[in-house]
Amino acid sequence: MPITLSHVSYTYQPGTPYEWHALDDVNLEIPDGEFWGIIGPTGSGKSTLIQHMNGLLKPTQGQVLVDGIDLSARAANLRQVRQKVGLVFQYPEYQLFGETIHEDIAFGPRNMKLPADEVERRVRRAMERVGLDESFRDRSPFGLSGGQARRVALAGVLAMEPRVLILDEPTAGLDPRGREEILSLVGAFPALGMSVVLVSHSMDDVALMADKVLVMHRGKVHMLGTPPELFSRRAELEAIGLGVPAAVQLIDMLRSRGWELPAGAVTIEQAVEAIRKSLRTKAGGGRG
Amino acid sequence: MNLQAVTIGQYFPGDSYLHRLDPRTKLIAVLLLSVAIFLPRYFPGYLLVALFTMIAVALSRVPVKFILRGLKPIMIFMAITVLFNAFLTPGEPLFQIGRWAITREGLVLSAVAAVRLVLLVVSASLLTLTTSPILLTDGLERLLRPLAPLGVPAHELALMMTIALRFIPTLVEEADRIMRAQEARGADFRSGSLINRAKGLIPVMVPLFVAAFRRADELATAMEARGYRGGTGRTKMKQLAFSGADYRAWAILVLFTVAVVGLRVTGRG
Ligand SMILES: Nc1ncnc2c1ncn2[C@@H]1O[C@H](COP(=O)(O)OP(=O)(O)O)[C@@H](O)[C@H]1O
Ligand SMILES: [Mg+2]
């Protein structure tokens, strides 16, 4: 399910005083099976961008292709596209409506007109994946804890068994434990054969999980690269109010104090490894 | 579905003559105008009222396209009114369709009804388009204040209106987001039978109500936390004050009213 955007621009409320050019000539290609992180300041167009990837928003100009299908074409079957490209909105628990958790998670599969036993199977599997046991099945989705409600909402999208999963700031507003739970879930998706697009505010999370990082700024693709490539351009990121992962900050600081460390470590583990290596050669050099 | 097209009650920021008028002037003007719209009997009277409204539109500097968009929701209502008037008014028949006839008197009445409806909606939208919600409610509160001894809860009414105006766009946005989220799960709000479409609204209405209650709760807490105690003894940061522009507007309004009433009384318009 490669997703290609060419020359995509999007304008909110054109022709009114509230007109806003949210996307400006965006060109991208997300190949199958990759994990992409999207970062950018608030209002830079991240949420607008991802809603183009399953046809919820149609580009004012340009073209979006999902698996070769032009989403603006009249003949495009958007329902089919949306079950293959799952989108989890920001604060998805605010969209829960079912009388029971089971009912809510079954909404997507039922809209796909699947037979009842297949719906049942998918709901079970989705609940299992997000770590909700059988006892939740007949409970109301209202009155759960923040982390639990979010996992129910996530299961609602997972139950459609999409090939690409897009998540808009899935950890926003959760406590540290809830964040951990969601992140470890998201981290496991690639192994299930899904491509993942993760919109995030946390450089550390993106550094840890993404193959490619896209930086949005004022509706444009500002930077694009692997985490080591991107986070080596610290000044450019800081110029638009973004930062670098803690590991990069640490390595930079040590280097400025004269440590000899290779660039390219973006996660804590990589930083520890680099420092350990450097200590070893130092010790070795001392003896020799 | 596109909820962004909902413009009723929307404020169109600007700095035109109408924008700068005191909200009380505009409230009274709209009140007068909506009475004036129903006074004329003959063409000159309608012409005067229509001209007055058009000049007001021009003075507001709000694009005509934007104002016409506000008319969209009443189109069906207008079509029904026009049809009923055209067919059900007894008089000299012009065309015959089966056992129904469009009469000459019916056509005239339809035209009159349509013109009145359009003018009414346009003048009311001009008020909200050129007045920020805060000023609007301030103006309303001040106008209602003399009625407080009669038991009219002026402050509470104004507060309710402020909150409603403040939250309409928020709820529209919320509904829009919820609909897109459910569409992402394969919901379809565009096709199917009427019953299916109505059923399809449950996944939108439930979260929307939950959101409305949540917001109401948060707002109540925030107001209490800041020591809100109702209208008594409350002062305003910005005091409303009439300016030269308002006095000129009053003069024009008086002239206009005299002219409309004059035409009607003398049987000329
Ligand atoms: N319905 C809307 N009408 C007008 N402007 C909007 C609307 N939705 C979003 N915007 C504007 O578009 C810009 C991009 O929004 P968004 O894609 O949500 O950014 P991000 O997710 O990066 O914070 C923001 O400046 C926002 O104010
Ligand atoms: Mg966003």
Side-chain angles (χ1 to χ4, degrees), chain A residues 11-20 47 50-51 53-58 77-99 103-114 140-143 149 153 155-160 162 165-166 168, chain B residues 1-7 10-16 19 60-70 129-130 132 169 171-192 196 199-215:
Chain A
T11 306
Y12 281 109
Q13 313 201 28
T16 74
Y18 305 99
E19 176 174 286
W20 184 268
S47 301
I50 57 172
Q51 289 178 59
M53 297 179 183
N54 69 350
L56 283 176
L57 295 178
K58 302 271 174 63
N77 184 345
L78 288 180
R79 255 199 199 196
Q80 219 164 39
V81 169
R82 284 174 195 154
Q83 79 194 39
K84 288 184 181 151
V85 182
L87 176 61
V88 182
F89 272 66
Q90 198 169 0
Y91 296 108
E93 60 274 20
Y94 290 167
Q95 286 116 40
L96 297 176
F97 69 93
E99 252 176 89
E103 193 72 12
D104 205 286
I105 299 176
F107 182 63
R110 284 204 181 119
N111 284 332
M112 291 162 67
K113 311 260 186 292
L114 294 169
S140 160
F142 303 104
V157 175
L158 283 178
M160 301 200 302
L165 190 66
I166 306 173
D168 196 350
Chain B
M1 207 165 296
N2 188 1
L3 293 177
Q4 285 175 21
V6 178
T7 59
Q10 211 176 48
Y11 174 54
F12 191 100
D15 189 32
S16 73
H19 282 86
S60 75
R61 298 277 175 85
V62 178
V64 175
K65 202 174 70 182
F66 204 79
I67 294 175
L68 291 183
R69 246 208 270 176
L129 283 168
T130 63
S132 76
L171 285 179
V172 167
E173 226 179 275
E174 194 103 33
D176 196 44
R177 187 177 30 247
I178 293 168
M179 280 170 84
R180 273 179 288 138
Q182 308 301 25
E183 275 185 287
R185 294 210 274 164
D188 186 357
F189 302 113
R190 280 165 237 265
S191 54
N196 273 337
K199 262 197 209 152
L201 283 180
I202 292 174
V204 178
M205 295 318 284
V206 172
L208 194 59
F209 270 98
V210 173
F213 279 111
R214 188 179 57 238
R215 285 190 190 283

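A note on names: the letters A, B, ... follow the listed sequences, proteins ahead of strands, and every chain is numbered from 1.
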Inset, instruction - Sort A:M160 into side chain, backbone, both or neither according to what part of it lies under 4.5 angstrom from a heavy atom of chain B. - result: side chain

Legend entry - Close side-chain approach of A:Y18 and B:P169, heavy atoms under 4.5 Å: no

Inset, instruction - Using atom types as modelled and distance alone, determine if a side-chain donor or acceptor of A:N111 lies under 3.5 Å from a backbone N or O of B:D188. - result: no

Legend entry - Value rounded to 0.5 Å, distance of CD in A:Q95 from CE in B:M179: 12.5 Å

Inset, instruction - Starting at CZ of A:R82, measure out to CD of B:E183 and round the result to the nearest 0.5 Å. - result: 5.0 Å

Legend entry - Contact origin within A:F89 toward chain B - heavy atom pairs under 4.5 Å: side chain

Legend entry - Step-by-step side-chain contact (heavy atoms from CB on, under 4.5 Å) determination, A:Y94 to B:R177: CA-CA 10 Å; A:Y94 290 167; B:R177 187 177 30 247; over 6 Å; no

Legend entry - Flag side-chain contact, heavy atom, 4.5 Å: B:R180 against A:L57: yes

Legend entry - Atom group of B:A211 that falls short of 4.5 Å from chain A, counting heavy atoms: neither

Inset, instruction - Step through the shown structure and confirm whether more than 12 heavy atoms of other residues, nucleotides or ligands are within 6.0 Å of CZ on A:R79. - result: yes

Inset, instruction - Can you establish whether the number of heavy atoms outside B:F209 located under 6.0 Å from its atom CZ is more than 12? - result: no

Legend entry - Pairs of heavy atoms under 4.5 Å with chain A: top-ranked of B:K65, B:E174, B:R214: B:R214

Inset, instruction - Measure the spacing between CZ of B:R185 and CG of A:D104 and express it to the nearest 0.5 Å. - result: 4.5 Å

Legend entry - Any donor-acceptor pair under 3.5 Å from A:Q83 side chain to B:G186 backbone: no

Legend entry - Top of A:V157, A:N54, A:T16 for chain B proximity - count of heavy-atom pairs under 4.5 angstrom: A:T16

Inset, instruction - Apply side-chain contact (heavy atoms from CB on, under 4.5 Å) to B:M205 and A:F97, showing your working. - result: CA-CA 8 Å; B:M205 295 318 284; A:F97 69 93; over 6 Å; no

Legend entry - Side chain / backbone / both / neither for A:Q51 at chain B, heavy atoms under 4.5 Å: side chain

